[in-house]
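As the structure is a prediction and not an experimental result, all values here were calculated from the model.
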Amino acid sequence: MIETHAHIYSDDYADDRIEMLTRAWNAGVEQIWMPNCDSGTIAGMMELAAAYPEKCLPMIGLHPTYVKDGFEKELQIMEEWLDKYPFIAVGEIGMDLFWDVTYKEQQAEAFLYQCKLARKHNLWIDIHSRNAFQETVDLIEQFGDSALKGIFHCFTGTLEEANQAIELGFKLGIGGVATFKNGGLDKVIPYVDLEHLVLETDAPYLAPVPYRGKRNEVSYIEIVAQRVADLKQLSKQEVIDVTTESARKLLQIQPA
């Protein structure tokens, strides 16, 4: 399995990070893709990338909720890192209008700038979109490059929104919300071809049932895989095989 989105550098794992990772490897996880948040999370992420060079693969990007006054300096730092390290993606980037809309315009500016960086370096993008799906889609269409691909991380939208994302060439990142009673994905996953889905946990956040409300961890991706299998009436192994292959294809983006 490929875990396409986990913050394993988080302080939530300060006391048992190695044990948590061991549980992930034992669960069959072969790679963990690490999204960045801002300049403050780079050091911990890169330390893990150095310790597990074939297993823990880093992205670089400025998370929308970290877009504040002076965000241009943060973008400069991301760009400098892109010039000196082979990241797998630009992320996580996007729009978040759930908590605060104060920096909506700046979030949009940061997103479009990082889309440009992704194409410059032939990378895909990992999208964070909360209470801002249509705004994010509009920005992708405004960017206007059909070669821009990636994942709508933690997808929780409607079937119509799922189809919008897929038509733009993006995968849907499915995580613990798929196991929630009122998560809504039971009305989406059965009607979307498996090839459009990838698996994630967003650890340490959004733990699946029966761990909802507790610290999430990468090994719980098995629960997500089983839930997708149940919803699509497939075997868990088929879900793992297809989503893993879909994830691998993201690492082969065509040059600009």
Going through the distances and angles, do Asp138 and Gln134 end up as a side chain to side chain donor-acceptor pair (under 3.5 Å)?
-> CA-CA 6 Å; Asp138 290 346; Gln134 194 57 52; 3.0 Å; yes
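- When all heavy atoms are compared, the tightest approach of Glu92 to Pro64 is O-CD, 4.0 Å.
- Looking at Glu74, its side chain does come within 3.5 Å of a backbone N or O of Ser39 through a donor-acceptor pair.
- Glu19 CD to Thr22 OG1: the interatomic distance, rounded to the nearest 0.5 Å, is 6.5 Å.
- The backbone N or O of Leu197 lies less than 3.5 Å from no partner atom in the side chain of Thr243, so there is not a single donor-acceptor pair.
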Steps toward side chain to side chain contact (heavy atoms under 4.5 Å, CB included) verdict (Arg227, Asp186) | CA-CA 9 Å; Arg227 176 59 172 163; Asp186 57 321; 4.1 Å; yes
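- To the nearest 0.5 Å, atom CZ of residue Phe111 and atom CD1 of residue Ile93 are 5.0 Å apart.
- Considering every non-hydrogen atom in both Met1 and Ile240, the closest pair reads CG-CG2, 3.4 Å.
- When hydrophobic clusters are built by joining Ile, Leu, Val, Met, Phe, Trp and Tyr residues whose side-chain heavy atoms come closer than 4.5 Å, directly or via intermediates, Val137 is not grouped with Phe98.
- Transitive grouping of hydrophobic side chains (ILVMFWY, heavy atoms separated by less than 4.5 Å) keeps Trp99 and Phe71 in distinct clusters.
- With sequence neighbours excluded, the residues that form a ring pair (Phe, Tyr, Trp, His ring centres under 6.0 Å) with His5 are His7, His153.
- Nearest heavy atom pair, residue Pro35 against residue Asp126, reads CB-OD2, 4.1 Å.
- Residues that satisfy the salt bridge (charged side-chain N to carboxylate O under 4.0 Å, His left out) test with Glu222, not counting sequence neighbours, are Lys236.
- Side chains of Gln226 and Asp230: a donor-acceptor N/O pair is present below 3.5 angstrom, by distance only.
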Tabulate below the donor-acceptor pairs under 3.5 Å that side-chain atoms of residues 176-185 make, not counting sequence neighbours, or state none.
residue	atom	partner	partner atom	Å
Thr179	OG1	Gly176	O	2.7
Thr179	OG1	Val209	N	2.9

Give the intermediate values and the outcome of side chain to side chain contact (heavy atoms under 4.5 Å, CB included) for residues Gln107 and Leu97.
-> CA-CA 9 Å; Gln107 284 187 26; Leu97 306 179; 4.3 Å; yes
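- One side chain, Gln237 or Asp241, offers a donor N or O that lies under 3.5 Å from an acceptor on the other.
- Counting heavy atoms from C-beta on, the side chains of Val224 and Ile174 come closer than 4.5 Å.
- Here the two rings, on Phe133 and Phe152, have centers that are under 6.0 Å apart.
- When the side chains of ILVMFWY residues are joined at heavy-atom separations under 4.5 Å, either directly or via intervening members, Ile77 and Tyr9 end up in a single hydrophobic cluster.
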Apply side chain to side chain contact (heavy atoms under 4.5 Å, CB included) to Ile8 and Arg17, showing your working.
-> CA-CA 8 Å; Ile8 56 174; Arg17 201 179 322 273; 5.5 Å; no
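- Contact record, Leu206 with Cys154: CD1-SG, 3.4 Å, taken as the closest heavy-atom pair.
- Placement of Leu194 and Leu159 within a single hydrophobic cluster is found when ILVMFWY residues are connected by side-chain heavy-atom separations under 4.5 Å, directly or transitively.
- Checked by atom type and distance alone, the side chain of Asn36 pairs as donor or acceptor with a backbone atom of Gly61 at under 3.5 Å.
- Annotation: Asp15, atom CG; neighbour count of heavy atoms from other residues, nucleotides and ligands within 6.0 Å does not exceed 12.
- Of the possible donor and acceptor atoms, none in the side chain of Gln106 sits under 3.5 Å from a partner among the backbone N and O of Val67.
- Tested against Trp124, the residues Phe170, Phe87, Trp33 include a single ring-ring contact (aromatic ring centres under 6.0 Å, His included) partner, Trp33.
- For the residue pair Glu195/Ser246, the side-chain donor-acceptor check at 3.5 Å is not satisfied.
- Side-chain contact between Ile223 and Pro210: present, with at least one pair of heavy atoms (C-beta onward) separated by less than 4.5 Å.
- The residues Asp12 and Arg215 are annotated as not salt-bridged, no charged nitrogen and carboxylate oxygen being separated by less than 4.0 angstrom.
- The main-chain N or O of Thr158 is never found under 3.5 Å from a side-chain atom of Lys187 such that the two would form a donor-acceptor pair.
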In sequence, state the C-alpha distance, the side-chain angles, and the governing distance for Met95 and Lys104, and then conclude on side chain to side chain contact (heavy atoms under 4.5 Å, CB included).
-> CA-CA 8 Å; Met95 297 285 290; Lys104 180 179 180 179; 4.0 Å; yes
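- Residues Pro208 and Asn216 have side chains in contact (heavy-atom distance under 4.5 Å, counting atoms from C-beta outward).
- Here the CG atom belonging to Leu139 is positioned 8.0 Å from the SG atom belonging to Cys115, to the nearest 0.5 angstrom.
- Atom CG of Leu172 sits about 10.5 Å away from atom OG1 of Thr156, to the nearest 0.5 Å.
- Distance alone, capped at 3.5 Å, places no donor-acceptor pair between the Gln31 side chain and the Leu57 backbone.
- Interatomic distance, Ile221 CD1 to Glu217 CD, rounded to the nearest 0.5 Å: 12.0 Å.
- Glu80 and Gln76 form a side-chain donor-acceptor contact under 3.5 Å, judged by distance and modelled atom types alone.
- The two residues Thr201 and Tyr220 have their closest heavy-atom pair at CG2-C, 4.3 Å.
- Atom CG of Asp83 is surrounded by more than 12 heavy atoms from other residues, nucleotides or ligands within 6.0 Å.
- Within the 4.5 Å cutoff, no side-chain heavy atoms of Ile60 are placed close to those of Tyr85.
- Shown here for Ile140 and Ile127, the closest heavy-atom pair between the two residues is CD1-CD1, 3.7 Å.
- Rounding to the nearest 0.5 angstrom, the gap separating the NZ atom in Lys149 from the CG atom in Leu250 is 10.0 Å.
- Among residues two or more places apart in sequence or in another chain, the salt bridge (charged side-chain N to carboxylate O under 4.0 Å, His left out) test is passed with Glu30 by Arg248.
- By the 4.5 Å heavy-atom criterion applied to side chains, Phe155 and Lys171 are not counted as neighbours.
- Within 6.0 Å of CD in Glu141 there are more than 12 heavy atoms belonging to other residues, nucleotides or ligands.
- With sequence neighbours left out, Tyr113 forms a ring pair (Phe, Tyr, Trp, His ring centres under 6.0 Å) with no residue at all.
- Side-chain atoms of Lys232 come within 3.5 Å of backbone N or O of Val192 as a donor-acceptor pair.
- Applying the salt bridge (charged side-chain N to carboxylate O under 4.0 Å, His left out) rule to Arg130 yields no partners; only residues at least two apart in sequence or on another chain are considered.
- Tracing side-chain contacts under 4.5 Å through hydrophobic residues (I, L, V, M, F, W, Y), one never reaches Tyr211 starting from Tyr205; they form parts of separate clusters.
- Judged by distance alone, the side chain of Gln114 and the main-chain N or O of Leu62 form a donor-acceptor pair under 3.5 Å.
- Applying side chain to side chain contact (heavy atoms under 4.5 Å, CB included) to Leu21 and the options Asp16, Val29, Ile32 leaves one that passes, Ile32.
- Looking at Lys68 and Thr102, their side chains never come closer than 4.5 Å, going by heavy atoms from C-beta outward.
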